[in-house]
Colleague: 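Got a structure here, written out as structure tokens. Questions coming.
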Amino acid sequence: MNTIADSRLRSTVIVVALAATVALGLAACVPEPGTSKTSSPTATDSPSANPVPSSTISPTPTPSAAAATATKIPCGTLISAQAVYDFNPNFGLDSGFSPKSGTAAAKAVADNGTACNWLNQTSGDTFAFAVARPVAAELASLKTTAATGTPASGLGDAAYFSTSGGVGRVDVFRGAYWLVATSVYFGSAADASTLVTTALAALK
């Protein structure tokens, strides 16, 4: 009988011990009051942590700079051979003409315009004509500079005469066109008026 009682006692102790172990395990799984098992959002959950890649952002286009309008007129059309002959039969077209830097003719060529030169076969003197259609701001600047000279009537919308180093210069403005004539033969705007009028007639 004692053996049976001892056996039952040991079984009871084992059961109680197992129950205590299970209870302790469950208690360890229960969170303490005031705590949460929900994890805090990581940096990758924040909208600012995922910016739009710079490669997908289109930059604002930069407006291209305005360009002068091309004005390509053959020299023989700008001033005909007959008009040159009537001015002075010793002049002939200088087919190899290349404007010197800093001259009005070079400026016209830089503005995508035309520059022509005629050479006196006897004296070697020349007269040059150039025409261009610069952008509006530049045209206004050219007119302001030319206006420091002497106004010349009857040529285009506005015309001015000036001299430098013995060379006469006539700046003529008509619409978007800038026409300039230079020569030692031009002692006044009147000296160039016939040729200037011919050149203006060639502008369309």
Side-chain angles (χ1 to χ4, degrees), residues 63-88 90-120 122-204:
S64 57
T69 302
T71 307
K72 301 300 183 182
I73 303 175
C75 295
T77 300
L78 186 63
I79 299 179
S80 67
Q82 184 60 53
V84 173
Y85 183 86
D86 292 342
F87 174 73
N88 188 318
N90 285 330
F91 277 94
L93 181 63
D94 180 6
S95 58
F97 176 59
S98 179
K100 292 182 179 179
S101 177
T103 62
K107 176 59 180 170
V109 171
D111 280 334
N112 213 7
T114 296
C116 308
N117 191 61
W118 286 264
L119 176 68
N120 188 306
T122 301
S123 66
D125 294 326
T126 64
F127 70 81
F129 271 72
V131 61
R133 281 181 286 179
V135 295
E138 184 180 359
L139 184 65
S141 177
L142 288 168
K143 186 177 293 186
T144 297
T145 300
T148 60
T150 303
S153 60
L155 299 175
D157 300 330
Y160 306 92
F161 177 77
S162 60
T163 59
S164 177
V167 177
R169 170 172 169 164
V170 182
D171 287 88
V172 184
F173 301 89
R174 194 187 76 181
Y177 286 99
W178 167 52
L179 176 72
V180 59
T182 57
S183 178
V184 294
Y185 277 73
F186 302 155
S188 67
D191 293 335
S193 61
T194 300
L195 293 175
V196 169
T197 299
T198 299
L200 287 173
L203 305 183
K204 305 300 182 182

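In what follows, residues are counted from 1 in the order of the sequence shown.
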Colleague: Heavy atoms only: give me the nearest Leu179-Ala199 pair and the separation to one decimal.
Modeller: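 The pair with the smallest heavy-atom distance is CD2-CB, 3.9 Å.
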
Colleague: Nearest 0.5 Å, what's the CD1-SG distance between Ile73 and Cys116?
Modeller: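 Interatomic distance, Ile73 CD1 to Cys116 SG, rounded to 0.5 Å: 8.5 Å.
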
Colleague: Rounded to the nearest 0.5 Å, what separates atom CG in Leu119 from atom CG in Asn90?
Modeller: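 Answer rounded to 0.5 Å: 10.0 Å.
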
Colleague: Judged by atom type as modelled, is there a donor-acceptor pair below 3.5 Å linking the side chain of Asp111 to the main-chain atoms of Gly113?
Modeller: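 Looks like no, no N/O pair under 3.5 Å.
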
Colleague: Can you see which heavy atom on Val172 is nearest to which on Leu155, and at what distance?
Modeller: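 Smallest heavy-atom distance, with atoms named: CG1-O, 3.7 Å.
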
Colleague: Return the CG to CZ distance between Asp157 and Phe173, rounded to the nearest 0.5 Å.
Modeller: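 Between Asp157 CG and Phe173 CZ, I get 10.5 Å after rounding to 0.5 Å.
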
Colleague: What heavy-atom pair brings Val109 and Ala115 nearest, and what distance separates the two atoms?
Modeller: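 Scanning both residues, the minimum pair turns out to be CG2-CB, 3.6 Å.
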
Colleague: Tell me, with the steps shown, if Ile79 and Trp118 meet side-chain contact (heavy atoms from CB on, under 4.5 Å).
Modeller: CA-CA 10 Å; Ile79 299 179; Trp118 286 264; 4.0 Å; yes

Colleague: Considering only distance and modelled atom types, tabulate donor-acceptor pairs under 3.5 Å from the side chains of residues 127-148, sequence neighbours left out.
Modeller:
| unit_1 | atom_1 | unit_2 | atom_2 | d |
| --- | --- | --- | --- | --- |
| Arg133 | NE | Thr71 | OG1 | 3.0 |
| Arg133 | NH2 | Ala70 | O | 2.8 |
| Glu138 | OE2 | Lys107 | NZ | 2.4 |
| Thr144 | OG1 | Ala140 | O | 2.9 |
| Thr145 | OG1 | Ser141 | O | 3.1 |
| Thr148 | OG1 | Thr145 | O | 2.6 |

Colleague: Can you list everything that forms a ring pair (Phe, Tyr, Trp, His ring centres under 6.0 Å) with Tyr177? Sequence neighbours excluded, please.
Modeller: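 Residues passing ring pair (Phe, Tyr, Trp, His ring centres under 6.0 Å) with Tyr177: none at all.
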
Colleague: Name every donor-acceptor pair, under 3.5 Å, that has one atom in a side chain of residues 96-105 and the other anywhere in the protein, sequence neighbours excluded.
Modeller:
| unit_1 | atom_1 | unit_2 | atom_2 | d |
| --- | --- | --- | --- | --- |
| Thr103 | OG1 | Lys100 | O | 2.6 |
| Thr103 | OG1 | Ala106 | N | 3.2 |

Colleague: Could you list the donor-acceptor pairs under 3.5 angstrom formed by side chains in residues 181-188, with sequence neighbours left out?
Modeller:
| unit_1 | atom_1 | unit_2 | atom_2 | d |
| --- | --- | --- | --- | --- |
| Ser183 | OG | Thr126 | O | 2.7 |
| Ser183 | OG | Tyr185 | N | 2.9 |
| Tyr185 | OH | Asn120 | ND2 | 3.0 |
| Ser188 | OG | Ala190 | N | 3.4 |

Colleague: Going by the salt bridge (charged side-chain N to carboxylate O under 4.0 Å, His left out) test, which pairs reach into residues 162-191, not counting sequence neighbours?
Modeller: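 The answer is Arg169-Asp171.
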
Colleague: Side chains of Thr198 and Val84: closer than 4.5 Å at any heavy-atom pair?
Modeller: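 Counting from C-beta outward, Thr198 and Val84 never come under 4.5 Å.
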
Colleague: If you look only at pairs with a residue in residues 68-88, which of them pass as a salt bridge (charged side-chain N to carboxylate O under 4.0 Å, His left out), with sequence neighbours excluded?
Modeller: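 Matches after skipping sequence neighbours: none remain.
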
Colleague: For Cys75 and Leu93, which heavy atoms make the closest approach, and how far apart are they?
Modeller: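 Looks like CB-CD1, 3.8 Å.
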
